[in-house]
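Structure first, then comments.
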Amino acid sequence: MSDTSTPKLDFIREIIADDLATGKHATTITRFPPEPNGYLHIGHAKSICLNFGIALENAGVGAKCHLRFDDTNPEKEETEYVESIKADVKWLGFDWGSDLYFASDYFAFFHDCAVHLIKEGKAYVETQSAEEMRASRGNLTTPGTPSPGRSRGVEENLDLFARMKAGEFKEGECVLRAKIDLASSNMNLRDPVLYRIMHSEHHNTGDAWCIYPMYDFAHPLEDALEHITHSLCTLEFENHRPLYDWFIENCPVPSKPRQIEFARLNLSYTIMSKRKLLELVQGGHVGGWNDPLLPTISGMRRRGYPPEAVVHFCKRVGITKFNGTTDVALLEFDIRDFLNHAAPRRMAVLDPVKVVLENWSAEPHATVEVPNHPQNPDMGDRHIPISNEVWIEREDFMEVPEKKFFRLGPDRYVRLKGANIIRCIGYEKDAEGKITLIRAELLPGTIGVDTPEGVVCKAAIHWVDVATGVDAEVRIYDRLFTEEDPDAAEGGFLSVINPDSLKTVTARIEPALAEVEPGFSCQFDRLGYFIADAIDHAPGTKPVFNRTVALKDSWVKKGGR
RNA sequence: AGCCUCAUAGUGUAAUGGUAACACCCCGGAUUCUGAUUCCGUUAUUCUAGGUUCGAAUCCUAGUGAGGCUACCA
């Protein structure tokens, strides 16, 4: 396969290509191994795209990517999370085929490996408390000291471990430790815990077990068992690699996977900590894990983000070991870019002012025909009703127009998008000076034709017919959950939520919008991108729209640049 | 403090000892029935100091800065 335009390979893909070229591996098997203790977020999307992407790219040699739930801690894991994770991976467009696994299905194997280590004199039962262990482990500069249990004989360890498994001990009474090196400069090697006692119900294995393996012990064994060739994880596991390799070397495993670390995704102004997201959900600060406010995959889905755009973004940020922070502007670009091509256009008015067309009878008509997409005629046209009264956006009218303002003002012209050019011939204000009504006249014969000679009309604005326009709830989202908001008060992350940002406004929308299907995205903002997604509404009821991508200027500048 | 890892425009990522580049962002201009899109253009980059070499972003040493590690979480 000669490819003149060889795509640039990141360092991981290079390693994999090498292993294939040198014959070290005949194929490549990766895995995405989430713990089902929460919903996936944009950071996980990067890992999903990496692992499943590599499998896809090497499909020619039978490469695969497993979906494996790393469920070794029954206290934090739930079936709800398993289902949401599957749905999110699918939504991103990836398929694990028949390769769906649970670490909990390997509990017997982990146990056998533990017994093997004990027999080899490489593991022992520890009866010190967690506090005592912490103390005897030493610290960054001083080596640890052996506990009495470290010199226990094999038979006694075997017996104690069997009794641990049989449920004879309470939680915390004892653990199984590997006997490695108490003086290692790598703390992970100072006799790490292999098994702890937990008398709790497991979402998959129920009460079959009361001892559960630790991540460091279980993960390499899971990988080896599944013949994973390249086990890709994030940078914080770098110091765990020697331990990973130690288990591979010292346990009876069927293959030798290699762990490779890459930098996790950090996005500016975005909270990506599972712990904090959990706190937001459990504290009732958001409507759930799939609240469009959150950077979860399900939240992005409800925002109307196209999955292809998210995947494209993940590819574009690349894979390195550099621990940086990606500007959300990169994500937003991909979202806008995909939506721009795919989203049909609709009109909506959020902050309405009524315009009365005084000479309505000059050109009587009931509907106008408007294209669904400005550049793509294949998307067709729609007919929308119009009468002598329409709503327009308050900010599309200026009593005293500033320079470079091209829309409506006294005695000025503007086009009602898809319909006539109108001229403002008067307006009314209330006591506070707020515009309450605009009087205008339409220019007959200006539908679908260029601006007539002698008329200055440089803009086309959104409008909605007063008689037939439909009301809909429009939720407006800014990027609320930020840890870097300069205006945020000090303290917990909750202080950075801007309570004013979650607004619900009643917008006037064109009737065509009231009939859209759930999941429909469209653009209806004149100024920037303003994508609506009809979410979760039953047929026949009014859709709820959420604004998904902030206007170019409105938010980012506030972030201080 | 010890060990491990990382460092290229504002941001992310290329360049694999041979002319430092791409995308985003920003700014300016043209077009536009969305102040969108599209098109054109501008600014700006190898952390520091030594060394190896004809030649260093790349290799070596030291320094600086950032991240990780002292869980019976993953």
Side-chain angles (χ1 to χ4, degrees), chain A residues 8-11 14 33-35 37 70-73 75-77 126 129-130 133-135 137-144 171-177 184-188 190 192-198 211-212 214-216 218-219 233-242 261 263 265 268 274-275 313 316-334 336-337 340-341 345 347 370-371 373-375 404-407 414-419 421 446-451 457-462 523-530 551-552 556-557 561:
Chain A
K8 282 160 191 160
L9 298 185
D10 53 65
F11 78 103
E14 245 172 54
E35 183 189 16
N37 68 344
D70 211 356
D71 53 353
T72 54
N73 183 351
E75 287 181 354
K76 303 202 298 187
E77 297 149 7
E126 174 65 79
S129 69
M133 273 179 60
R134 193 164 21 252
R137 188 149 27 215
N139 60 35
L140 267 14
T141 49
T142 61
E171 290 187 12
E173 251 184 292
C174 51
V175 295
L176 185 71
R177 296 177 80 175
S184 173
S185 57
N186 183 341
M187 297 300 291
N188 296 117
R190 318 252 268 226
V193 171
L194 267 36
Y195 265 99
R196 77 283 212 188
I197 295 169
M198 292 176 113
I211 54 171
Y212 290 93
M214 300 292 291
Y215 166 87
D216 281 322
H219 207 86
C233 63
T234 44
L235 249 25
E236 66 266 30
F237 293 105
E238 248 169 352
N239 297 331
H240 295 240
R241 187 168 3 110
E261 310 84 17
L265 175 67
S268 58
K274 247 188 190 177
R275 205 201 87 239
F313 164 75
R316 230 156 44 94
V317 297
I319 299 294
T320 65
K321 300 188 78 159
F322 175 65
N323 200 321
T325 300
T326 300
D327 196 323
V328 285
L330 266 72
L331 205 213
E332 290 180 337
F333 172 79
D334 279 315
R336 284 200 307 268
D337 198 33
N340 178 46
H341 293 290
R345 276 74 223 257
M347 294 192 290
V370 187
H373 193 282
Q375 281 89 31
K404 295 243 181 171
F405 181 83
F406 303 132
R407 286 159 277 159
V414 81
R415 179 181 290 278
L416 297 179
K417 192 173 167 59
I421 291 173
T446 50
I447 296 183
V449 298
D450 289 343
T451 305
C457 175
K458 300 173 80 169
I461 63 173
H462 281 214
Q523 182 194 338
F524 61 93
D525 186 29
R526 176 185 46 75
L527 281 173
Y529 269 83
F530 192 80
L551 302 187
K552 278 192 165 184
V556 176
K557 277 185 179 166
R561 179 97 53 100

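The basis for the numbers below is simple: all heavy atoms, side chains too, and nothing from hydrogens, waters or symmetry mates. Labels below follow one simple rule: chain letters A, B, ... track the order of the sequence lines, proteins then strands, and each chain is numbered from 1.
Backbone-only engagement by A/Arg134 is indicated by non-hydrogen atom pairs under 4.0 Å involving sugar-phosphate atoms exclusively. No engagement by A/His341 is indicated, since no non-hydrogen atom pair under 4.0 Å with the nucleic acid exists. Contacts of A/Val193 with the nucleic acid, taken as non-hydrogen atoms under 4.0 Å apart, involve only primed sugar atoms and P, OP1 or OP2. Counting any heavy atom pair closer than 4.0 Å across all strands shown, A/Lys404 reaches a base atom. When heavy atoms are screened at a 4.0 angstrom cut-off, A/Thr320 is found touching the sugar-phosphate backbone but no base atom. Counting non-hydrogen atoms under 4.0 angstrom, A/Tyr195 reaches nothing in the nucleic acid. At the heavy-atom level, A/Thr72 lies under 4.0 Å from the strands shown only through sugar-phosphate atoms. Within 4.0 Å of A/Gly324, counting heavy atoms only, lie sugar-phosphate atoms of the nucleic acid but no base atom. Using a 4.0 Å heavy-atom criterion, one finds that A/Tyr212 contacts no nucleic acid atom at all.
Candidate nucleotides B/rA74, B/rC24, B/rU13 were compared by shortest atom distance to the side chain of A/Phe322, and B/rU13 ranks first. Considering only the side chain of A/Glu35, B/rA74 comes nearest among B/rU70, B/rA74, B/rC24. You'll find that the side chain of A/Asp337 is closest to B/rU38, out of B/rG35, B/rC24, B/rU38. With distances taken from any side-chain atom of A/Thr326 to the nucleotides B/rG12, B/rA74, B/rA23, the minimum falls on B/rG12. Side chain of A/Met198, nearest nucleotide from B/rU11, B/rC73, B/rC72: B/rC73. Taking only side-chain atoms of A/Asn139, from C-beta outward, the nucleotide of B/rA1, B/rU70, B/rC69 with the closest atom is B/rU70. In the set B/rC24, B/rG35, B/rA74, B/rC24 carries the atom at the smallest distance from any side-chain atom of A/Phe333.
Atom P of nucleotide B/rC22 and atom CG of A/Asp10 are separated by 21 Å, given to the nearest angstrom. Separating the CG atom of A/Leu194 from the P atom of B/rC73 is a distance of 13 Å, rounded to the nearest angstrom. If you measure from atom NZ of A/Lys76 to atom C1' of B/rA71, you get 10 Å, rounded to the nearest angstrom. Computed from coordinates, the A/Asp334 CG to B/rC24 C1' distance equals 9 Å when rounded to whole Å. As rounded to whole Å, 14 Å separates atom P of B/rC73 from atom CG of A/Asn188. Across the protein-nucleic acid pair, A/Asp71 atom CG and B/rA74 atom P stand 10 Å apart, rounded to whole Å. Nucleotide B/rG12 holds its P atom 9 Å from the CG atom of A/Leu330, rounded to whole Å. As a whole-Å value, the separation of A/Arg196 CZ from B/rC72 P is 10 Å.
Residues that satisfy the side chain to side chain contact (heavy atoms under 4.5 Å, CB included) test with A/Glu171, not counting sequence neighbours, are A/Glu75, A/Ile197, A/Met198, A/His199. Annotation: side-chain hydrogen bond (donor to acceptor under 3.5 Å, both in side chains) contacts of A/Lys274 (sequence neighbours excluded): A/Asn37. Remark: A/Asn323 engages A/Leu235, A/Asn266 in a side chain to side chain contact (heavy atoms under 4.5 Å, CB included) (not counting sequence neighbours). Scanning for side chain to side chain contact (heavy atoms under 4.5 Å, CB included) contacts around A/Pro242 gives A/Asn186, A/Leu189, with sequence neighbours left out. With sequence neighbours left out, the side-chain hydrogen bond (donor to acceptor under 3.5 Å, both in side chains) criterion links A/Asn139 to A/Thr141, A/Thr142. Residues forming a side chain to side chain contact (heavy atoms under 4.5 Å, CB included) with A/Val370 (at least two apart in sequence, or on another chain): A/Val368, A/Arg382, A/Ile384. Residues forming a side-chain hydrogen bond (donor to acceptor under 3.5 Å, both in side chains) with A/Arg241 (at least two apart in sequence, or on another chain): A/Glu261. The ring pair (Phe, Tyr, Trp, His ring centres under 6.0 Å) search around A/His240 returns A/Phe237, not counting sequence neighbours. Under the ring pair (Phe, Tyr, Trp, His ring centres under 6.0 Å) criterion, A/Tyr195 pairs with A/Phe161, A/Phe217, sequence neighbours left out.
Between A/Leu416 and A/Ile461 there is a side-chain heavy-atom pair separated by less than 4.5 Å. Residues A/Met214 and A/Pro192 have side chains not in contact (no heavy-atom distance under 4.5 Å, counting atoms from C-beta outward).
How far CZ of A/Arg415 is from OG1 of A/Thr451: 5.5 Å, rounded to the nearest 0.5 Å. A/Thr234 OG1 to A/Lys321 NZ: the interatomic distance, rounded to the nearest 0.5 Å, is 11.5 Å.
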So which protein nitrogen or oxygen atoms get under 3.5 Å of nucleotides 57-67 of chain B's nitrogens or oxygens?
from: B/rG67; atom 1: O2'; to: A/Asn323; atom 2: ND2; distance (Å): 3.2

N/O contacts under 3.5 Å, protein versus nucleotides 31-33 of chain B?
from: B/rC33; atom 1: O2; to: A/Gly418; atom 2: N; distance (Å): 2.9
from: B/rC33; atom 1: N3; to: A/Gly418; atom 2: N; distance (Å): 3.4
from: B/rC33; atom 1: N4; to: A/Arg415; atom 2: NH1; distance (Å): 2.8
from: B/rC33; atom 1: N4; to: A/Gly448; atom 2: N; distance (Å): 2.6

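The shortest non-hydrogen separation linking A/Glu35 to A/Asp70 is CG-O, 3.4 Å.
For a distance-only test at 3.5 Å, the side chain of A/Gln375 qualifies as a donor-acceptor partner of the base of B/rA36.
OP1 or OP2 of B/rG2 has not a single side-chain nitrogen or oxygen of A/Arg190 nearer than 4.0 Å. Considering only side-chain N and O atoms, A/Arg177 lies nowhere under 4.0 angstrom from the phosphate OP1 or OP2 of B/rA71. The phosphate of B/rC22 (OP1 or OP2) has no side-chain N or O of A/Arg316 nearer than 4.0 angstrom. Neither OP1 nor OP2 of B/rC69 sits under 4.0 Å from any side-chain N or O of A/Arg241.
As rounded to the nearest Å, B/rC39 and B/rA9 have P atoms that lie 27 Å from one another. The separation of B/rU8 from B/rU13, taken at their P atoms, amounts to 8 Å, rounded to a whole angstrom. Comparing the P positions of B/rG12 and B/rC25 gives a spacing of 15 Å, expressed to the nearest Å. Rounded to the nearest Å, the gap between the C1' atom of B/rC59 and that of B/rG18 is 15 Å. Taking the C1' atom of each, B/rC47 and B/rA30 are spaced 41 Å apart, rounded to whole Å.
Judged by distance alone, the side chain of A/Arg316 and the main-chain N or O of A/Leu330 form a donor-acceptor pair under 3.5 Å.
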Q. For RNA chain B, what is the dot-bracket line, given that a base pair needs Watson-Crick (N1 to N3, plus N6-O4 or O6-N4) or G-U wobble (N1-O2 and O6-N3) geometry with both distances under 3.5 Å, and | means paired with another strand?
A. .((((((..((((....[..))))..((((.......)))).....(((((..]....))))))))))).....
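Take the nearest nucleotide of RNA chain B for A/His373 and for A/Ser185: the residue whose nucleotide is more 5' is A/Ser185.
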